[in-house]
Amino acid sequence: MKLRMAVLSHLVNLRDIPDLQGIEIGADSVSLGAMVTQHELIAHAGLGEAVPLLREAALQIADSQVRYLGTLGGNVANGDPDNDMPGLMQCLDATYQVTGPDDLRQIQARDFYESAYFTARADDEILTRLMVPIPAAGTGYAYEKQKRKIGDYASAAAAVLVGKGFASIAMTNLADVPVWSAEAGVALAAGDREGAVSAALAAIDPQEDMRGPVEFKRHVAGVVPRRAIDRALSRVAG
Amino acid sequence: MDNPMSTAFARDYWMQGKIAATKDGQITGLWCHTTADHGGFDACADPTKFPAGFMNICTGSHDIPTAHLSVDGVNTNKALGGVAYRCSFRVTQAAYFIECMIEVLAIKLNMDATELRRINFIRKDQFPYQSALGWKCDSGDYHTAWDKALAAVGYDDLRKEQAQRLEDFRAGKTRKLMGIGLTHFTEIVGAGPVKNCDILGLGMFDSCEIRIHPTGSAIARLGTISQGQGHATTFAQIIASEIGLPADDITLEEGDTDTAPYGLGTYGSRSTPVAGAATAMAARKIRAKAQMIAAYLLKVHDGDVEWDVDRFVVKGDESRFKTAKEIAFASYNQAIPGLEPGLEAVSYYDPPNMTYPFGADICVMEIDVDTGEHEVRQFYALDGCGTRINPMIIEGQVHGGATEGYAIAMGQEIAYDDMGNHKTATLMDFFLPTTWGTPTYQADHTVTPSPHHPIGDKGAGESPNVGSVPCFSKAVHDAFRPFGLTQSHMPDDHWRVWKIARDLGLHR
Amino acid sequence: MSKMHVKLTVNGAAVEGLAEPRTLLIHCLRENLGVTGPHVGCETSHCGACTVDMDGRSVKSCTVFVAQAQGADVTTVEGLVNADGSLSVLQEMFREHYGLQCGFCTSGTITRAHRFLQENPIPTEEQVRFGMAGNLCRCTGYQNIVKAILAAAEMMNAQDKPSSTEGVGQQKVETAE
């Protein structure tokens, strides 16, 4: 619309729909409205305690002004492989709630992304809420992102959760969809850092862009998750 | 988005060089051949006789007896090129070239580059110095500046720290290398003398017209135009110093071609060297007339009064004086025999020579071998722009110019794909540094006035760019030097630095 | 699509009118309302020259439809001056410390800094650099911008000493890197 590539017959400001707002901290999970902004994710004290990984990642997205308006829902639903939140949601094993004309349904973040800009959401559905399980107390976490400067997308980014007998690893901007590897999580849960990284790397398919050629991306795609894993492990408590 | 795709780019030079020296480090000759991409058509503002700008300052700060420079200009299917952009006349390229050549020579001779420079710097007593490529450098004291810079950063300690870091790296204790970049540059700005500098036939003089009002306030009009360099402050200060009126009472007017005297504009650090000189000269014409008025009012001969800050005082009698403000009113108020009423003057200043600012930059950089990321830990910038009119403005120019240098050295490029599509059309892909990651600069200075400029000023806008671009690059080179790197192809963005490390076998 | 009826407050004054849905806030401000403080820089949300304050948030008005500002309270650099028209402490500090050169980014930079100092009244230099990273400047190298903001914070805290400690840290956004 801004670029005059779309002329729409109706304009609805989603910000005016109360059901799309709000951060609710439950016993086992948090419920996030699709229109919750990155700024709200960062500023919400309860969320910062329940899922600190969200805050850490949101701080690495764009800049202050963009975070004031940029929404979690927009970030995950667009299906842009550059975006940080899809990989993060896969790491956290979030569930998306999409609402259509007749019904609403739940889609796992890990099943949502089909290819760049193509998702499991139907054309007559909108993303309304996201449910994020609260990691067990003492779970280590880290979001590590290599970028050229603030405001840039990742050259490579990795989200890591690691706890007792449990781990989850997802990577961003290294394929046309976010990369979550079940094998990587299993390996890391068993204490095999290098096995985890190898498994994660097996699933990537980076493209050359101004950030660098494929070979470079493949290399940093190994470095960045190692750092995330080390930082997450250093934060494991209890 | 349209702007980076369709408007002009500044510099795309491919430079090759050879340098000759004796075994003990005395440089005997320099050769440079440059291929200059000027895009679809040439948009440069170079003086007519210098189609490659002042690339021939490429002997830099060194006493090099023989030098040869050739430049092939080529047109390509890119947007128009060669445009003026902070260092309009190819001096950054020249500095980059000689700074890299010095670096390579030090490696070949296995000499400390700081000492190699001391041997080859043009000595203070050699100025004015005739360079092999035709310039007469006006003044300089390079050894003093160099020693001051090295002492300011604690150079020897930095080298010790670097050696320790290298040892730790080799022992597997760290994956970060430390690089120290050093430059000593000599600029050529203040274009220029009409005898050899013109734009489309118009001599590169510049101008100032000053009118003092009866109240003692003044308006000055110039042929330049401030783009944020603080002309209103700097030129008002020049007038205030010359005529003794408060700077706050002086209005500057630039850029209105209906009223401004003819001038060639602001670029290439020429405003203060040329229009600033015109300002001082116009002010001195006014002061000369003011002296006659003061003498008349004080009933003495012209030669019996002398200037003291803001007034003419009768020699030997401080109680008898006329202030600039009183003189201004009198010039409109009293009929003075032999003098026209009013107090105004215009100067068209044709500089007798270019000016030659110089400086030393030192950069300390941390480099992540595995990701190619860097952090500029320290950047020291010594500026030798001659007489310093307003230190705050000069330092502001240093911060800004060095940040542009940082962008150029560490990431900025206009890239095209094989089909000629522009790949860097946004400010995300075209590297424009943000507050985060931009170095904090330590600005320092030495003062070596230009002997031919009315107030000794040499110009300050370009210098930080000229010196900093090679300085950042050389910090990268320096970090990898122990592993055999001599040069890299800028910009040193993440993946290119990563590639250096990979090609040197530093990845596990 | 027909025009939309839009009402908002700009620098304290209620304004309303008809706008095409695709009209950006920056264009409405500059072209319809004559509020030319915010500048059009990149139009891609990178440079921050168009930064305005909307309901207590810093936003890039080149990426906000005016329809999104329905009912909003918008403040631009014009609205930051003191009631008597004199420069605010923050503006004065930019002047004092040479925090601007060509001035193109300045209105957006100051408007962002104004909000930043409310988010974090006692910032460190690192926090200033992180919080101001959405405003590009090509002239200053940021050094004097950072200096001006830190100086303004100090002066503003000295001015309202009794209340200053309460709000500190509440909305504090520390750096992630």
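Remember, it's a predicted structure, so these values are computed and weren't measured experimentally.
- Side-chain atoms of A/Glu56 and A/Arg231, non-hydrogen and from C-beta on, do get closer than 4.5 Å to each other.
- Judged by a 6.0 Å distance limit and a 45° cone about the ring axis, C/Arg138 is not positioned over the six-membered ring of C/Phe104.
- Looking at heavy atoms from C-beta onward, A/Thr128 lies out of side-chain contact with A/Val98 at the 4.5 angstrom threshold.
- Between chain A and the options C/Thr23, C/Val64, C/Leu24, the largest number of non-hydrogen pairs under 4.5 Å is found for C/Leu24.
- Put simply, of C/Met132, C/Arg112, C/Gln68, C/His46, the one with the most heavy-atom pairs under 4.5 Å next to chain A is C/Arg112.
- No side-chain heavy atom of C/Thr111 sits less than 4.5 Å from a side-chain heavy atom of C/Thr76.
- Between chain C and the options A/Asp16, A/Thr37, A/Val66, A/Leu69, the largest number of non-hydrogen pairs under 4.5 Å is found for A/Leu69.
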